[in-house]
There are 2 protein chains.
Amino acid sequence: MSYERNERYGSDEEMIGDMAEVFRVFGDRTRLLILMALSTKEECVGDLTEELGMTQSAVSHHLTILRQSRLVKTRREGKSIFYSLADDHVEDILNIGLEHINE
Amino acid sequence: MSYERNERYGSDEEMIGDMAEVFRVFGDRTRLLILMALSTKEECVGDLTEELGMTQSAVSHHLTILRQSRLVKTRREGKSIFYSLADDHVEDILNIGLEHINE
DNA sequence: TCAATATATGAACATTTAATCATATATTCA
DNA sequence: TGAATATATGATTAAATGTTCATATATTGA
């Protein structure tokens, strides 16, 4: 395997930086729990908060990070905001991480 | 997809924690560069150090982290220690991260 | 055995990160 | 409009992380 520069990136540095950032976002227990919860169904912030047993604020901060990394997308319905995985890549990454630790 | 408990793990908590830890290790620019360098060939610490343009100490600290996470393995040859990727999973994870940012 | 070379380790420091608390911003419904 | 509910945001703090510097531990060959 060789890691060639992609057209979308002006430099390798930039590409590596983005890659590291994505992995860093996955590298948190709470965010993994959120992503796994969302892998079966979309869910609103309140339900996620209850499920995770942490403060609403903490969950919301993590959701912001996940949103900024484009790993999740949102949909508003009345007062609630429903979160779901942005695309199939997210599950692929979760699965490969799972495979790795279960090797 | 559902994330069921694996036999190897006493609890989901433990499994999630391990997964987060693996991703966290990938979530660093320098470590990604090391892993990518090692994806084509084994390499000793000195060469990696030169290639990365950082101090030998910094590189060594990162290598320790990679070793502890079992992402790389080592082989001594005289005074040099050669590092290489531990298994195919490592490249799989790199590739999927690369795919994600190039989506 | 001693000097030279390659690598690892520990302590210190600066930066980043996650959690919390308080509060702001929607949205609904009476 | 105003109260209630759901979510987001900003400041603060404690803990984790990456780098550096100094030094320790192998290994080789003279």
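Any value given below was found using the heavy atoms of this structure, including those in side chains, with hydrogens, waters and symmetry copies removed. Chain letters run A, B, ... following the sequence lines, proteins first, then strands; residues in each count from 1.
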| request: Name the nucleic acid region contacted by A:Y83, choosing base, sugar-phosphate or nothing; use a 4.0 angstrom heavy-atom cut-off, strictly under. | output: sugar-phosphate
All N/O pairs under 3.5 Å across the protein-nucleotides 26-30 of chain C interface:
{"residue": "C:dT27", "atom": "OP1", "partner": "A:R76", "partner atom": "NE", "Å": "3.3"}

| Listed by chain and number, what are the side-chain contact (heavy atoms from CB on, under 4.5 Å) partners of A:S60, not counting sequence neighbours? | A:Q56
| Bend angle of the helix from C:dT1-D:dA30 to C:dA30-D:dT1, from helix axes over five pairs at each end, nearest 10° | 20°
| Roughly how far, to the nearest 0.5 Å, is CG of A:L63 from CD of A:E43? | 10.0 Å
Can I get a per-line list of side-chain donor-acceptor pairs under 3.5 Å for residues 18-36 of chain B, giving both atom names and the distance, sequence neighbours left out?
{"residue": "B:D18", "atom": "OD2", "partner": "B:Y9", "partner atom": "OH", "Å": "2.9"}
{"residue": "B:R24", "atom": "NE", "partner": "A:G27", "partner atom": "O", "Å": "3.1"}
{"residue": "B:D28", "atom": "OD2", "partner": "B:T30", "partner atom": "N", "Å": "2.9"}
{"residue": "B:D28", "atom": "OD2", "partner": "B:R31", "partner atom": "N", "Å": "3.0"}
{"residue": "B:R29", "atom": "NE", "partner": "A:E13", "partner atom": "OE1", "Å": "3.0"}
{"residue": "B:R29", "atom": "NH2", "partner": "A:E13", "partner atom": "OE1", "Å": "2.9"}
{"residue": "B:R31", "atom": "NE", "partner": "B:V25", "partner atom": "O", "Å": "2.7"}
{"residue": "B:R31", "atom": "NH1", "partner": "B:H62", "partner atom": "ND1", "Å": "3.2"}
{"residue": "B:R31", "atom": "NH2", "partner": "B:R24", "partner atom": "O", "Å": "3.4"}

| query | What is the distance from atom CG of A:L71 to atom CG of A:D87, rounded to the nearest 0.5 Å? | reply | 8.0 Å
| Listed by chain and number, what are the salt bridge (charged side-chain N to carboxylate O under 4.0 Å, His left out) partners of B:E50, not counting sequence neighbours? | none
| query | Does A:N95 use its side chain to pair, donor to acceptor, with the backbone of A:E91 at less than 3.5 Å? | reply | yes
Please write out the pairs of protein N or O atoms and N or O atoms of nucleotides 15-22 of chain C separated by less than 3.5 Å, giving the distance to one decimal.
{"residue": "C:dA18", "atom": "OP1", "partner": "A:R31", "partner atom": "NH1", "Å": "3.4"}
{"residue": "C:dA18", "atom": "OP1", "partner": "A:R31", "partner atom": "NH2", "Å": "2.8"}
{"residue": "C:dA19", "atom": "OP2", "partner": "A:H62", "partner atom": "NE2", "Å": "2.3"}
{"residue": "C:dT20", "atom": "O4", "partner": "A:H61", "partner atom": "NE2", "Å": "3.2"}
{"residue": "C:dC21", "atom": "N4", "partner": "A:S57", "partner atom": "OG", "Å": "2.5"}

| note | What one should report as the nearest heavy-atom pair of B:A86 and B:V90 is N-CG2, 4.5 Å
| query | side-chain hydrogen bond (donor to acceptor under 3.5 Å, both in side chains) with B:E99: which residues, sequence neighbours excluded? | reply | none
| With sequence neighbours left out, which residue pairs that include part of residues 67-103 of chain A fulfil the ring pair (Phe, Tyr, Trp, His ring centres under 6.0 Å) condition? | A:H89-B:H100, A:H100-B:H89
| So where does chain B start and stop touching DNA chain D, 5' to 3', when the test is distance under 4.0 Å to a non-hydrogen atom? | D:dT17 to D:dT28
| request: Output all residues satisfying side-chain hydrogen bond (donor to acceptor under 3.5 Å, both in side chains) with B:T64, sequence neighbours left out; order by chain, then residue number. | output: B:R67
| Residues which pass side-chain hydrogen bond (donor to acceptor under 3.5 Å, both in side chains) with B:E51, listed by chain and number, not counting sequence neighbours | none
| Who pairs with B:T74 by side-chain hydrogen bond (donor to acceptor under 3.5 Å, both in side chains), at least two apart in sequence or on another chain? | none
